[in-house]
Amino acid sequence: MPLPVLERAREELTSFRGSGMSIMEMSHRSDIFAEVLNEAEQRLRRLIGVPEEYRVLFMQGGATLHFSLVPMNLLRSGGRGDYVITGAWSEKAYKEAKKIGDVRTILSTKETDFTTVPGEAEISCGSDSDYLHYCSNETIGGVEFPYDLAATGVPVICDASSNILSKPIDINKYAMIYAGAQKNIGPSGVTVVIIRNDLIERINPGLPAVLDYRNFAENGSMPNTPNTWAIYLIAAVCEWLEGVGGIEAITELNRRKSELIYRAIDSSDGFYTGYAARAARSRMNVTFRLPDSTLDRQFCDEAHAEGLSGLRGHRTFGGVRASIYNAFPLEGVHTLVEFMQNFMMRNG
Ligand SMILES: *Cc1c(COP(=O)(O)O)cnc(C)c1O
């Protein structure tokens with residue numbers, strides 16, 4: 001979370017906009033909350049340029065719930081969903097969908113140990129598929145698509161949890177985008193769903209109320225009580241992002257932040273090895289290894305002692321991972337790069 005947003009939340013915590021009440025204490029049906037919800041939606045729409053014909057929904061259950069909701073809502077009877085698998089998240093999405101209906105993997109980068117993403121021309125799904133699902137940034141391997149995947153005639157659905165709001169996105173290429181808020185949009189507990197109207201039209205009937213995208217669209221994201229506190233913070237994060245220059249400015253900042261670390265890796269004469277293939281390098285999650293796993297561990301422990309926490313790679317994966325989402329400051333990256341150079345001098 002950006003520090004100015006946390007400070008503002010602290011200020012407004014006990015009395016929201018002079019009301020004498022916390023936003024958490026207000027009815028989600030109150031006029032004040034209706035304004036907050038509308039503000040969150042409008043700011044998000046403005047920031048990433050969401051066209052008229054898409055709805056923006058705020059739901060719960062994390063991105064993980066949508067691994068199930070996508071097939072529940074959108075797989076037609078006898079239909080099929082196609083999956084591109086480039087890492088742990090898209091693999092999880094596929095496995096969850098398999099419990100619901102007929103899905104297949106049309107492309108997997110497993111044979112490169114999830115270090116690559118496919119080129120645009122490599123992806124082809126049958127036009128008879130109900131949708132094509134992919135994940136635009138995989139946090140564990142640290143691979144990111146450098147383009148918006150397009151598929152003619154088939155609705156493209158994207159899990160953009162870990163890079164939404166980090167760079168421009170061409171929404172028109174997608175039928176639906178979903179993202180757990182906790183990386184770039186706000187706190188955990190809300191998932192943003194951007195869905196095109198024609199997709200809402202074809203949602204399967206008879207779904208349980210809180211699992212039904214149409215129900216959320218028809219009831220302004222409030223068929224039941226939403227996470228009001230998190231939605232308030234989403235509005236505040238979006239306002240902060242506009243204030244620092246919007247998507248254009250944050251794209252440039254994210255490019256600088258990630259390039260500083262990648263440069264430190266590439267200029268280390270092999271002491272640090274980047275995990276992802278160059279063309280697939282993520283600007284949100286920079287993954288690398290040291291000459292052996294003992295040094296990986298020592299690196300993370302010593303960094304932690306110097307205030308650089310959270311660098312240990314995912315438990316299934318090892319190595320080192322610097323997650324540098326929108327709110328992570330440039331100064332923090334400078335500190336990390338300096339630490340990397342010092343550590344190499346001491347141990348290289
Ligand atoms: C973090 C992340 C998730 C998990 O989100 P939850 O909100 O914890 O369910 C899913 N997909 C991607 C791409 C992520 O980065």
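Each ligand, and each atom within it, is numbered from 1 in the order the structure gives.
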Neighbour count >12 (heavy atoms, 6.0 Å) for atom CG, D198 = yes
Name all residues meeting the side-chain contact (heavy atoms from CB on, under 4.5 Å) criterion together with D292; count only those two or more places apart in sequence or in a different chain, and write none if there are none.
-> T294, L295
What about F288 and Y275, are their ring centers closer than 6.0 Å?
-> no
Kindly print each ligand 1 N/O atom paired with any protein N/O atom under 3.5 angstrom away, one pair per line, or none if nothing qualifies.
from, atom 1, to, atom 2, distance (Å)
ligand 1, 7 (O), A63, N, 3.0
ligand 1, 7 (O), Q182, NE2, 2.9
ligand 1, 8 (O), Q182, NE2, 3.4
ligand 1, 9 (O), A63, N, 3.2
ligand 1, 9 (O), T64, N, 2.8
ligand 1, 9 (O), T64, OG1, 2.5
ligand 1, 11 (N), D159, OD2, 2.6
ligand 1, 15 (O), S162, OG, 3.1
ligand 1, 15 (O), K183, NZ, 2.7

Option from I194, V193, I195 for which side chain to side chain contact (heavy atoms under 4.5 Å, CB included) with R55 holds | I195
Side chains of E138 and S282: do they bring a donor and an acceptor to under 3.5 Å?
-> no
Are E96 and K92 close enough for a salt bridge, meaning some N to O gap below 4.0 Å?
-> no
